[in-house]
Amino acid sequence: MRRLLTLPLLLVLVAFASACGSSDSTETSSASTAGGTASGGTIRVGHFAKAVDYAPALVAKEKGWWDEEFAEDGVTIDFQEFQSAPAITEAFGSDRVDVVFMAEIPAMIVQAADIDVQVPRITSELPVTILVAPDSPIQSVADLKGKKIGVLTGSAEHYGLVKVLEEAGIKGDAEIINMDPADGKAAFESGQIDAWAIWPPFVELEETAGTGRVLPGTEGTKMYSIETDRTKWVEENPEVAARFHAVLDRAREWIAEHPDEAQQIVADQLDFPIDVIAAAWKRNNFDAEVTEALLPDFQGKADFLKDQGFVSRRVDVEKEGLLAPDAP
């Protein structure tokens, strides 16, 4: 049964909404109320704003491979771009979306709201990145002691920042300031903050403009962009879900064989300069798989959300079957 969202959960969802520049639930395409089946219907596919990390899905969409796969079955694909995390949670909770490409933290927030979802595929693995000014005296994570760091709190980047600070022995010794990407960019470029924990392509935009450099020593802490499926949809349409996943696998293989063309497709779809996409490409591992080895990482992030008060319920990643590499 779906649980009413508590205040802490609503606050973090609003934070995610701010990152995308919208707090309402307006999307680029209205979702159908009919789920996809082998005998007809619609598969409702969404992605959270725009990100290089979704490259396999963007390529599969551009190539028309999902449409091709389901054409003879009368199954159509409805693509929609979500502009806020609350809209994603609401869509999953009301069975108005079947698949969403997003990061792991928003998926855990959905699951914490007692809305069953599962993660069958990873679209990208990428490191946590912290930007400092090119001429900054900060040369290592340890140098962040006593500094002001901007980050979207409640995000995977926030989790990664806290982890690297802890590993450097300075957890609690730096001032973490909640900032959505737009505010973080302005504060970083104006020198109001000493460092900015942020994800691609914001990282590469600063690098290519000569306004930022990446602080070394954070490469071991990872974030994941994932495919998140509504569990009920998978259970009711296992064959359709399996074929949907197979198309994504095809796109991942194609990306490895055609990186230049894939980068151009992503640049065109996201409307970013090709040099920014090419730089971001190097930080993405599009071959990452969902395995049991990810359990400690995902559980650590689930614990982080509960311990920091962003959700009201601690998700047990293994017990609740959030990672579903063999699904359906």
Side-chain angles (χ1 to χ4, degrees), residues 12 15-16 19 48 51-54 102-109 119 122-132 136 138-145 147-179 181 184 188 193-204 206-207 212-226 279-308 310-311 315 317-318 322-323:
V12 71
F16 277 116
F48 188 12
V52 178
D53 332 344
Y54 308 148
M102 55 184 176
E104 73 277 51
I105 291 286
M108 292 176 189
I109 292 174
V119 180
I122 291 173
T123 58
S124 176
E125 174 192 71
L126 61 163
V128 167
T129 46
I130 301 175
L131 283 170
V132 296
S136 171
I138 299 172
Q139 298 297 323
S140 69
V141 175
D143 293 337
L144 292 172
K145 183 176 181 179
K147 304 301 183 182
K148 295 180 179 180
I149 310 170
V151 68
L152 177 62
T153 57
S155 65
E157 201 74 40
H158 182 202
Y159 167 82
L161 172 62
V162 170
K163 186 174 181 180
V164 298
L165 292 177
E166 183 176 16
E167 291 173 348
I170 59 170
K171 181 182 178 182
D173 293 330
E175 183 181 355
I176 296 177
I177 304 173
N178 181 28
M179 291 183 170
F188 178 73
I193 54 177
D194 302 294
W196 185 23
I198 192 62
W199 52 86
F202 298 100
V203 174
E204 292 74 23
E206 299 297 331
E207 285 184 311
R213 62 177 170 85
V214 173
L215 192 65
T218 65
E219 299 84 0
T221 303
K222 304 296 184 182
M223 302 185 299
Y224 297 91
S225 285
I226 59 177
W281 209 264
K282 300 173 183 178
R283 290 194 169 97
N284 284 268
N285 173 18
F286 298 114
D287 296 324
E289 301 282 352
V290 177
T291 68
E292 290 186 358
L294 288 179
L295 281 172
D297 179 274
F298 275 57
Q299 189 59 56
K301 290 166 182 171
D303 293 343
F304 171 79
L305 287 172
K306 178 63 173 67
D307 294 342
Q308 294 289 321
F310 291 116
V311 297
V315 172
V317 175
E318 182 174 15
L322 185 63
L323 298 181

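These values consider heavy atoms only, across backbone and side chains, with no hydrogens, waters or symmetry-generated copies.
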(request) Using a 4.5 Å cut-off on heavy atoms from C-beta on, say whether the side chain of I122 contacts that of N285. (result) no
(request) Starting at CG of D53, measure out to CE of M102 and round the result to the nearest 0.5 Å. (result) 13.5 Å
(message) Measuring from atom CD1 of I149 to atom CG of L215, what distance do you get when rounded to the nearest 0.5 angstrom?
(response) 9.0 Å
(message) Do D194 and V132 have side chains that approach each other closer than 4.5 Å (heavy atoms only, starting at C-beta)?
(response) no
(message) Using the side chain to side chain donor-acceptor pair (under 3.5 Å) criterion, which residues pair with N284? Sequence neighbours excluded.
(response) S124
(request) Show the numbers, then the answer: is there a salt bridge (Lys or Arg N to Asp or Glu O under 4.0 Å) between E207 and K282? (result) CA-CA 13 Å; E207 285 184 311; K282 300 173 183 178; over 6 Å; no
(request) In sequence, state the C-alpha distance, the side-chain angles, and the governing distance for E206 and W196, and then conclude on side chain to side chain contact (heavy atoms under 4.5 Å, CB included). (result) CA-CA 11 Å; E206 299 297 331; W196 185 23; 3.9 Å; yes
(message) Counting C-beta onward and ignoring hydrogens, is there a side-chain heavy-atom pair between M223 and S155 closer than 4.5 Å?
(response) no
(request) Spell out, as yes or no, whether a donor-acceptor pair under 3.5 Å connects the side chain of T123 to the backbone of S225. (result) yes
(request) Indicate yes or no: at least one non-hydrogen side-chain atom of I130 is less than 4.5 angstrom from one of L144. (result) yes
(request) Quick one: pull up CD1 in I176 and CG in L161 and give me the separation to the nearest 0.5 Å. (result) 4.5 Å
(message) I'd like to check the side-chain contact (heavy atoms from CB on, under 4.5 Å) partners of E219; sequence neighbours left out, ordered by chain and number.
(response) P216
(request) Kindly compute the distance separating CD1 (I105) from OH (Y159), expressed to the nearest 0.5 Å. (result) 8.5 Å
(message) List the residues meeting side-chain contact (heavy atoms from CB on, under 4.5 Å) with D173, not counting sequence neighbours, and say none if there are none.
(response) K145, I170
(request) Give the minimum heavy-atom separation between H158 and L152, together with the two atoms involved. (result) CB-O, 3.5 Å
(request) Any chance you could lay out the side chain to side chain contact (heavy atoms under 4.5 Å, CB included) test for K147 and I193, step after step, and finish with the verdict? (result) CA-CA 8 Å; K147 304 301 183 182; I193 54 177; over 6 Å; no
(message) With a 3.5 Å distance limit and no angle check, can you tell me whether T221 reaches the backbone of V128 through a side-chain donor-acceptor pair?
(response) no
(message) Could you report the tightest heavy-atom contact between L126 and P200, atom names first, then the distance?
(response) CD1-CD, 3.4 Å
(request) Only counting residues at least two apart or in another chain, list the ones meeting side chain to side chain donor-acceptor pair (under 3.5 Å) with E166. (result) none
Which atom pairs, donor and acceptor, lie under 3.5 Å between side-chain atoms of residues 294-307 and protein residues at least two apart or in another chain?
{"unit_1": "D297", "atom_1": "OD1", "unit_2": "K301", "atom_2": "NZ", "d": "2.8"}
{"unit_1": "Q299", "atom_1": "OE1", "unit_2": "V317", "atom_2": "N", "d": "2.8"}
{"unit_1": "Q299", "atom_1": "NE2", "unit_2": "D303", "atom_2": "OD1", "d": "2.9"}
{"unit_1": "Q299", "atom_1": "NE2", "unit_2": "V315", "atom_2": "O", "d": "2.9"}
{"unit_1": "K301", "atom_1": "NZ", "unit_2": "E104", "atom_2": "OE2", "d": "2.4"}
{"unit_1": "K301", "atom_1": "NZ", "unit_2": "K222", "atom_2": "O", "d": "3.0"}
{"unit_1": "D303", "atom_1": "OD1", "unit_2": "R314", "atom_2": "NH1", "d": "3.3"}
{"unit_1": "D307", "atom_1": "OD1", "unit_2": "R314", "atom_2": "NH1", "d": "3.2"}
{"unit_1": "D307", "atom_1": "OD1", "unit_2": "R314", "atom_2": "NH2", "d": "3.0"}

(request) State which residues pass side chain to side chain donor-acceptor pair (under 3.5 Å) with Y54; sequence neighbours excluded, sorted by chain then number. (result) none
(message) I want to check something: taking the side chain as every heavy atom from C-beta on, are P181 and I198 in contact at a cut-off of under 4.5 Å?
(response) yes
(request) Determine, step by step, whether V141 and L165 satisfy the side chain to side chain contact (heavy atoms under 4.5 Å, CB included) criterion, reporting the C-alpha distance in whole Å, the side-chain angles of both residues, the deciding distance to 0.1 Å, and the verdict. (result) CA-CA 7 Å; V141 175; L165 292 177; 4.2 Å; yes
